[in-house]
S.K.: 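Structure provided below as structure tokens; questions to follow.
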Protein chains: 2
Amino acid sequence: MSRAASLREKHDGALDDRGSVRLWLRLLTCTTVIEKRLKRRFADQYGVTLPRFDVMAALDRHPEGMTMGQLSQALLVSNGNVTGVVQVLVRDRYVSLAPSPTDGRSSVARLTQLGRECFAGLAEAHHEWIEAMLAGLDREERGQLHQLLGVLKDSLAAEGGEE
Amino acid sequence: MSRAASLREKHDGALDDRGSVRLWLRLLTCTTVIEKRLKRRFADQYGVTLPRFDVMAALDRHPEGMTMGQLSQALLVSNGNVTGVVQVLVRDRYVSLAPSPTDGRSSVARLTQLGRECFAGLAEAHHEWIEAMLAGLDREERGQLHQLLGVLKDSLAAEGGEE
DNA sequence: GTATGAAATTTCAAGCTTGAAATATCATAT
DNA sequence: ATATGATATTTCAAGCTTGAAATTTCATAC
């Protein structure tokens, strides 16, 4: 069976024939669909939110610990945001928070042993889900897509965020 | 000047050498960066949020009006979400809400004259911003990217959202 | 030593988002 | 006519996100 109805696209059928906007909407739709599936599956199967997974993933790659500011930069979210997410991870014993020995203003977050163990399972599921969602692209297509997104990334860096 | 520092990527430097996850993170980063810039510029220059723009864009392409359910489907967001966004647009006189003549359960949202006028300006700015952000891709690259995202979209449709 | 500005963090209000529960209406079989 | 299930919508609580204000600590010039 598996009719695999084609996905609706945000603002589908736009009269707006301008190619760049269409490209952007397609990019947005793909990302949104993947993100929502990940979110739902993490919630249903592990009782974890995406932001919490993101923090754990960042900490898992930095066993020496990360300050709140480093987390904020790594995850592209605000400082205040990190505060809240880390607080619940600390409450749930997945993350520990210790004052920085070198800078009294900073505290350093680390995964606890429990956090590391839990994260291993999450990362495994995450990888499988992504792999399955990208199954329709062969090796070459993945490489091309990765390369073109690199060009886009550079274009975005060049355009600048009016900073 | 314009140093155009290259953009950081979410979870940058992942040991995680699995290509599909890296591809996903790059896709996510590009989308996130574009979305945040649009959000900030709409807020700063027009005092409008992205969800409100999305609703207005959908209504602009459907002068006959749309029900809440149609808006929800078109924008890939929940019903309850649409309710709130439309309510403030009605409060601000950009959108009118009338009971459906054929179905007592539904009401039909339409852009008001004021809404149409405001949206024209928003759409113009939106298009320019997108165009500028994609300026680093030539015509062929845009076509390839659009095509590959189409393959991804089909892959996502095939994988199914456990529906 | 002290004042001053920079930097790291937290707090807080406002807005978006979802999913579940509640309401209201429709469609249909009897 | 009526009961029943399906549909459209709203309400609501919980969580994420941001930007601005407040707080604490640092670094440096004097």
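The sequence lines fix the lettering, A, B, ..., with proteins before strands; numbering per chain opens at 1.
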S.K.: Any donor-acceptor pair under 3.5 Å linking the side-chain atoms of B:T67 with those of B:S106?
M.R.: no

S.K.: Distances for protein N/O vs nucleotides 22-25 of chain D N/O pairs under 3.5 angstrom?
M.R.:
none

S.K.: B:D60 versus B:R116: any side-chain heavy-atom pair under 4.5 Å?
M.R.: yes

S.K.: Output the rounded distance in Å from CG (A:N79) to C1' (D:dT18).
M.R.: 11 Å

S.K.: By nearest nucleotide on DNA chain C, pick out whichever of A:S106 and A:K39 is the more 5' one.
M.R.: A:S106

S.K.: Would you check if the side chain of A:R142 reaches a backbone N or O of B:S20 as a donor-acceptor pair within less than 3.5 Å?
M.R.: no

S.K.: Report the distance from atom CG of A:L38 to atom P of C:dT18, rounded to the nearest whole Å.
M.R.: 15 Å

S.K.: Using a cutoff of under 3.5 Å, can you pull out all pairs of nitrogen or oxygen atoms linking the protein to nucleotides 19-21 of chain C, with atom names and distances?
M.R.:
from: C:dG19; atom 1: OP1; to: A:R40; atom 2: NH2; distance (Å): 3.2

S.K.: Examine distances only and state if a side-chain atom of A:T112 and a backbone atom of A:Y94 form a donor-acceptor pair shorter than 3.5 Å.
M.R.: yes

S.K.: Check the distance between D:dT18's P and A:L75's CG and give it to me in whole angstrom.
M.R.: 10 Å

S.K.: For B:L71 and C:dT17, give me the distance from atom CG to atom P, rounded to whole Å.
M.R.: 13 Å

S.K.: Between A:T102 and A:R52, name the one whose nearest nucleotide on DNA chain D is closer to the 5' end.
M.R.: A:R52

S.K.: Within the side chain of A:S72, is there an N or O that forms a donor-acceptor pair under 3.5 Å with the backbone of A:M68?
M.R.: no

S.K.: Check DNA chain C against residues 82-94 of chain B and give the residues with a non-hydrogen atom under 4.0 Å, in numerical order.
M.R.: none

S.K.: Is it true that a side-chain atom of A:E159 and a backbone atom of A:L156 form a donor plus acceptor pair closer than 3.5 Å?
M.R.: no

S.K.: Quick check against the 3.5 Å criterion: does A:S107 have a side-chain atom that pairs as donor or acceptor with the backbone of A:A98?
M.R.: no

S.K.: Could you state the interatomic distance from CZ (B:R52) to SG (B:C118), rounded to the nearest 0.5 Å?
M.R.: 13.0 Å

S.K.: Could you tell me how far apart B:L50 (CG) and C:dT17 (P) are, to the nearest whole angstrom?
M.R.: 8 Å

S.K.: Given side chains that start at C-beta, do those of B:L23 and A:L149 come closer than 4.5 Å, heavy atoms only?
M.R.: yes

